[in-house]
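See structure below.
One-based numbering, in listed order, for ligands and for the atoms of each. Every heavy atom of this structure was used, including side-chain atoms; hydrogens, water molecules and symmetry mates were not.
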Amino acid sequence: MKKIIFILFISFTITNCIAVKSKKTTIVSPIKTENTIEEFKRPKLMVGVIVDQMRYDYLIKFSSKYGNNGFKRLLQNGYNLENVHYNYIPTYTAVGHTSIYTGTTPTNHGIISNNWYDKYEKEYIYCVDDSRYETVGAKTGGQKSPYRMLTTTITDQLRLAQNMNGKSIGISIKDRSAILPAGHTANAAYWFEGGDEGKFISSTFYMNELPEWVKEFNNNGKANNYLNGTWDTFYDINTYTETLPDNNNYEGLFNGKTTPTFPYNLAELRKLNGNYSLLKAIPFGNSIVTDFAEATIKGEKLGSSNFTDFLAISYSSTDYVGHQFGVDAKELEDTYIRMDKEIERLLQILDTEVGAENYTLFLTADHAAVEVPAYLNSLKIPGGYFNDDEFKTTLNKITLERFNSTELIENISNYQIYLNKEKIKALKLDVNHVSQVIADEILNINNVYKTVTGHTLQTTNFDLGVLQTLQNGYNQKFSGDILFVPNPTTISYDKTGSTHGSGYSYDTHVPLIFYGSGIKKGQSDNYYPIIDIAPTITSFLKITQANGNTGKPIIEVLK
Ligand code: ZN
Ligand code: ZN
């Protein structure tokens, strides 16, 4: 009822304003608002939880193994959106985290991949590298910032809305997954440096020295404790009936193992698998992120001031496990059973430290993942492996035949072709013509499903299907001249393990649950694109949308 009154008030005021303008009469006095709008109180803490590479179906598939206080607590007491998809290509980690927090796609936010070819600098770059800054807390790994992200995040908008009060902090195993969600105005972002360091570190972009509580955390021996034990299944492995046999042909091996099978002797394996870097690739990498989240909440007293703080957490080890073992492995199943325990622990920490009524949380994923194509082939499902070398050779043949040159291609990456503009100019060729000829010709190459030129994406508006998702991922300044899409379930990857990056549903369909203060209980099958999360949060907090926002608030989840 209050909402209806509010809308009427707005439309009445707008009508009045228009009337005032057109008639050029004196301005009417504003209508009093005290009786129509209740004073709004934001929760003390916003928590964003991203589970890297979590497919939507894991909520269902492993449900019988989950406890009542982890994922199920969110599902039963929060609002579960069952048909949420990424609406752009490529579905990679940096792009996913950025799109969740900016409410828009690479077209606007500029993070077109994890790594991409910078056609101005003529080099391959990494999304959060920034040599202007130094590592804080270790020797290397911290020369980072979010400067390549061109738009603001909801974490930025919350800081701006509160006159730079309230804290926004990002934490993750991966640097990009801590830095991009925390935004440009973050108080801090922390990520885990592996190798011989085994610490959470940061960048001089945020601070000159780690706070005492981070130093204490790094000295508490937790990383070693996790790595000096064994990774065995949480429950009896014979009850893991949802996944393939422990020893199968579709899983990758750790160095020093001859079969991809439990148990994993971590004290032995760390010697041959990058020492502390091994922690990233096992479920205990998620455990140390929960430990660090607890230390952050306590150390920074999040949720205890008169302003709203934002903690952006990203769990990365789920992604490492999926890449190595594939989405149908016992290791993957065990990782999600343990992930459920981490969610349970995180909620308990929030209840204790902040109070159950004082926080609002969302949980989603930065992308999903494909079933191992070799496994699908064994079931007669089409798909397979994209041959990059064969593609390059054929492409050179095409340019030689059609334009009498093998120097027209400057770079091929992320299924995009960057042309050598200087060479094309020198040969007095037309860039758009060369692009179109190449796009038409490469469609004949094995496993190429669709092609389109950048020029077409600039001049045509696609509102459906693969071309629309390509268009949403296309950035006029940074993307390539020709874009192509491999066949469904066809990946440029090893024959073991899973990956992601496509616009097909196996990569785009992710969980999304809102939970906590101000959130309704319920579930829905309505379709929402991932970019709707950010405007839902800004609507909920009654703050200005992120400055590149193209999403719409998901009204049905809000009380
Ligand atoms: Zn990811
Ligand atoms: Zn990944």
Side-chain angles (χ1 to χ4, degrees), residues 48-58 84-102 105-106 109 111-116 126-128 146 149 170-182 189 191-192 194 250-252 277 279-283 285-286 289 312-329 331-332 335-336 339 342 362-373 386 413-415 473 486 489 491-494 496-512 530-531 533:
V49 180
I50 298 179
V51 182
D52 202 316
Q53 205 193 102
M54 183 170 181
R55 287 166 58 109
Y56 157 76
D57 64 354
Y58 294 159
V84 172
H85 288 262
Y86 279 84
N87 62 338
Y88 59 78
I89 294 171
T91 43
Y92 292 134
T93 296
V95 198
H97 283 75
T98 306
S99 301
I100 290 166
Y101 278 85
T102 60
T105 67
H109 64 55
I111 301 295
I112 60 169
S113 188
N114 290 334
N115 301 275
W116 66 90
Y126 176 59
C127 58
V128 291
M149 176 170 67
I171 64 173
S172 181
I173 287 287
K174 293 181 181 175
D175 49 20
R176 57 188 179 278
S177 309
I179 291 167
L180 297 165
W191 55 95
F192 187 77
Y250 314 117
E251 300 179 35
S277 296
L279 188 56
K280 301 178 181 185
I282 56 173
N286 294 325
V289 168
I313 307 172
S314 179
Y315 288 102
S316 314
S317 297
T318 39
D319 181 64
Y320 288 89
V321 173
H323 278 291
Q324 179 163 354
F325 297 100
V327 306
D328 291 294
E331 285 81 353
L332 190 283
T335 298
Y336 276 90
M339 188 68 239
E342 294 308 323
F362 69 86
L363 181 143
T364 188
D366 58 341
H367 51 75
V370 67
E371 293 92 348
V372 180
F386 193 83
S413 49
N414 298 312
Y415 303 112
T489 322
I491 58 177
S492 171
Y493 201 68
D494 299 334
T496 57
S498 293
T499 192
H500 49 88
S502 81
Y504 298 113
S505 60
Y506 51 77
D507 281 340
T508 63
H509 193 188
V510 290
L512 175 59
I530 201 75
I531 56 169
I533 295 174

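Protein-derived N/O/S atoms nearer than 2.8 Å to the Zn ion (ligand 1) total 4, waters excluded.
Just one of Asn114, Asp175, Asn115 meets the side chain to side chain donor-acceptor pair (under 3.5 Å) condition when paired with Tyr126; it is Asp175.
Ring pair Phe362/Tyr101 is tilted by interplanar angle, where 30° to 60° counts as tilted.
Here the closest non-hydrogen pair linking Lys280 and Phe192 is CE-O, 3.9 Å.
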Verdict with supporting geometry, Thr93 and Asp366, side chain to side chain donor-acceptor pair (under 3.5 Å): CA-CA 6 Å; Thr93 296; Asp366 58 341; 3.1 Å; yes
Check against side chain to side chain donor-acceptor pair (under 3.5 Å), His109 and Ser99: CA-CA 8 Å; His109 64 55; Ser99 301; 2.9 Å; yes
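Under the side chain to side chain donor-acceptor pair (under 3.5 Å) criterion, Ser413 pairs with Asn411, not counting sequence neighbours.
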